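Since the structure is predicted, the reported quantities are computational estimates derived from the model, not experimental observations.
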Amino acid sequence: MSDDKSIDIVVVGSSIIDLISYTQRQPKPGETIKGNKFCKGFGGKGANQCVMARYMGAECVMVSKLGKDDFGNEYMKNFNDIGMITDYVKQTPEASTATAAITVSQDGQNCIVIVTGACDLISEADVQAAESVIQKSKVMICQLEISVNISLFAMKMAKKHGVKTIFNSAPAECDIDPEFYTVCDIFCANETEAEILTGLNVVSLDDGKKAVTALLDKGCSTVILTFGEHGSLYATANDRNVIHVPSFPVVPVDTTGAGDAFLGSLAYYLACQSDIPILEAIKRSNRVAAITVQYPGTQLSYKNRNELPQELFE
């Protein structure tokens with residue numbers, strides 16, 4: 001990568017091969033059921049978010065780790081084909097490329113088991129190696145599919161350099177380091193994650209508003225709670241009035257990766273169209289996520305800039 005290349009977004013996170021089975025319904029514990037379709041795709045929350053931002057038109061750097069195996073080789077080719085900057089995606093012989101076994105039922109809902117493999121080996125040294133590009137980026141995203149300590153280390157580095165940070169608390173842990181709430185500029189969770197983090201039952205939008213307030217009480221400066229078909233909730237420490245941003249009604253085919261599509265789109269707007277208001281950015285990101293759930297797969301469901309409604313970029 002040339003030193004003068006502009007960087008919009010850096011994502012420090014997971015790269016996972018998705019092994020997806022489509023079934024009529026989710027199996028019960030101990031039950032074997034017959035599926036009707038199988039496909040392999042590219043996933044991992046970190047990579048998904050980075051790929052979506054790249055499809056939107058951002059210059060993106062991924063900091064991640066793959067196994068030195070066939071899956072790892074395939075994933076590296078995928079990154080390069082998309083036009084991602086892969087200088088900081090390393091392959092290691094010490095662990096296999098991470099995998100996710102995903103079951104998608106007929107109603108579009110999913111159940112996922114991940115084996116994080118090489119993602120667990122992402123180290124502080126890997127993040128430090130990328131400090132020069134982190135420093136000149138506009139937005140960084142981190143999640144929890146890699147070591148919690150590494151995500152926190154990366155966000156602290158970005159904050160030191162004045163880079164806007166988005167923290168996605170997925171997969172959620174009830175006892176995450178309290179610094180996560182205060183070190184990020186935007187704390188983003190879905191309703192399930194909000195339940196785990198706050199101890200509140202989050203079923204209705206009113207429940208969601210209470211959870212947003214509880215997250216602000218933990219020290220967050222800005223909270224976005226994504227709520228599937230209901231859209232998103234937004235509030236800040238300076239204005240604790242929780243605002244509902246509706247989604248776009250669609251018939252879901254596969255909801256896998258929709259939250260990541262939202263986050264990648266949001267990062268794009270913050271980095272590349274920073275003149276639009278945050279609520280408009282959330283509204284447009286809701287729409288991108290709604291488009292993805294109408295197609296099967298994770299990154300397979302993501303559309304590039306030319307395939308998306310052009311008003312999303314005006």
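- I141 and F153 are not part of a single hydrophobic cluster, where members link through side-chain heavy atoms under 4.5 Å apart.
- In this model, a donor atom of one side chain and an acceptor atom of the other lie less than 3.5 Å apart for D18 and T298.
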- request: Mind running side chain to side chain donor-acceptor pair (under 3.5 Å) on T236 and N238 for me, showing each step along the way?
  value: CA-CA 5 Å; T236 69; N238 293 330; 5.2 Å; no

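- Residue-environment remark: NZ (K90) exceeds the threshold of 12 foreign heavy atoms within 6.0 Å.
- With rounding to the nearest 0.5 angstrom, the NZ atom of K303 is 9.5 Å from the OG1 atom of T292.
- Below 30°, between 30° and 60°, or above 60°: for Y55 and Y302 the angle between ring planes is above 60°, a perpendicular geometry.
- Between F227 and G208, the shortest heavy-atom distance links the atoms CE1-CA, 4.0 Å.
- In this structure, N149 CG and D177 CG are separated by 8.0 Å, a value rounded to the nearest 0.5 Å.
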field: From CA spacing to verdict: salt bridge (Lys or Arg N to Asp or Glu O under 4.0 Å), R284, E314
entry: CA-CA 11 Å; R284 295 185 186 190; E314 294 172 354; over 6 Å; no

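- Of all heavy-atom pairs spanning V293 and A258, the tightest one is CG1-CB, 3.5 Å.
- Taking both residues in full, the closest heavy atoms of A271 and K138 are given as O-CD, 3.2 Å, listed atom of the first, atom of the second, then distance.
- Note on K210 versus D217: no salt bridge recorded, every NZ/NE/NH1/NH2 to OD/OE distance being 4.0 Å or above.
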message: Would T97 and D69 count as a side chain to side chain donor-acceptor pair (under 3.5 Å) here? Give the steps.
response: CA-CA 7 Å; T97 299; D69 49 28; 2.7 Å; yes

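- Salt bridge E179/K159: absent, no basic N to carboxylate O contact under 4.0 Å.
- Geometrically, K218 does not engage F187 in a cation-pi contact, judged by NZ or CZ lying under 6.0 Å from the ring centre and within 45° of the ring axis.
- The line from CD1 of I224 to CG of N168 is 10.5 Å long, rounded to the nearest 0.5 Å.
- Put simply, OG on S15 and CG on L66 are 5.0 Å apart, with the number rounded to the nearest 0.5 Å.
- If you chain together hydrophobic residues whose side chains sit under 4.5 Å apart, V127 and M62 never meet in one group.
- When all heavy atoms of Q294 and V251 are compared, the closest pair comes out as CG-O, 4.1 Å.
- The two atoms that bring E193 and A170 nearest to each other are OE2-CB, 3.0 Å, heavy atoms only.
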task: Go through D206 and S204 one step at a time and tell me if the side chain to side chain donor-acceptor pair (under 3.5 Å) criterion holds.
output: CA-CA 5 Å; D206 284 341; S204 67; 5.1 Å; no

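- For the pair K65 and D126, the salt-bridge criterion is met [side-chain N within less than 4.0 Å of a carboxylate O].
- The shortest non-hydrogen separation linking C184 to F167 is CB-CB, 3.8 Å.
- Considering only heavy atoms from C-beta on, F180 comes within 4.5 Å of V148 through its side chain.
- Taken to the nearest 0.5 Å, the CD1 atom of I146 stands 13.5 Å off from the NZ atom of K45.
- Placement of L266 and V242 in two distinct hydrophobic clusters is found when ILVMFWY residues are connected by side-chain heavy-atom separations under 4.5 Å, directly or transitively.
- Under a 3.5 Å cut-off, the side chain of S64 and the backbone N or O of G13 do form a donor-acceptor pair.
- One finds the CE atom of M155 at 9.5 Å from the CG atom of D185 (value rounded to the nearest 0.5 Å).
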- request: Report the C-alpha separation of Q91 and N73 in whole Å, then their side-chain angles, then the decisive distance to 0.1 Å, and conclude whether the side chain to side chain donor-acceptor pair (under 3.5 Å) test is met.
  value: CA-CA 8 Å; Q91 288 186 262; N73 295 338; 3.0 Å; yes

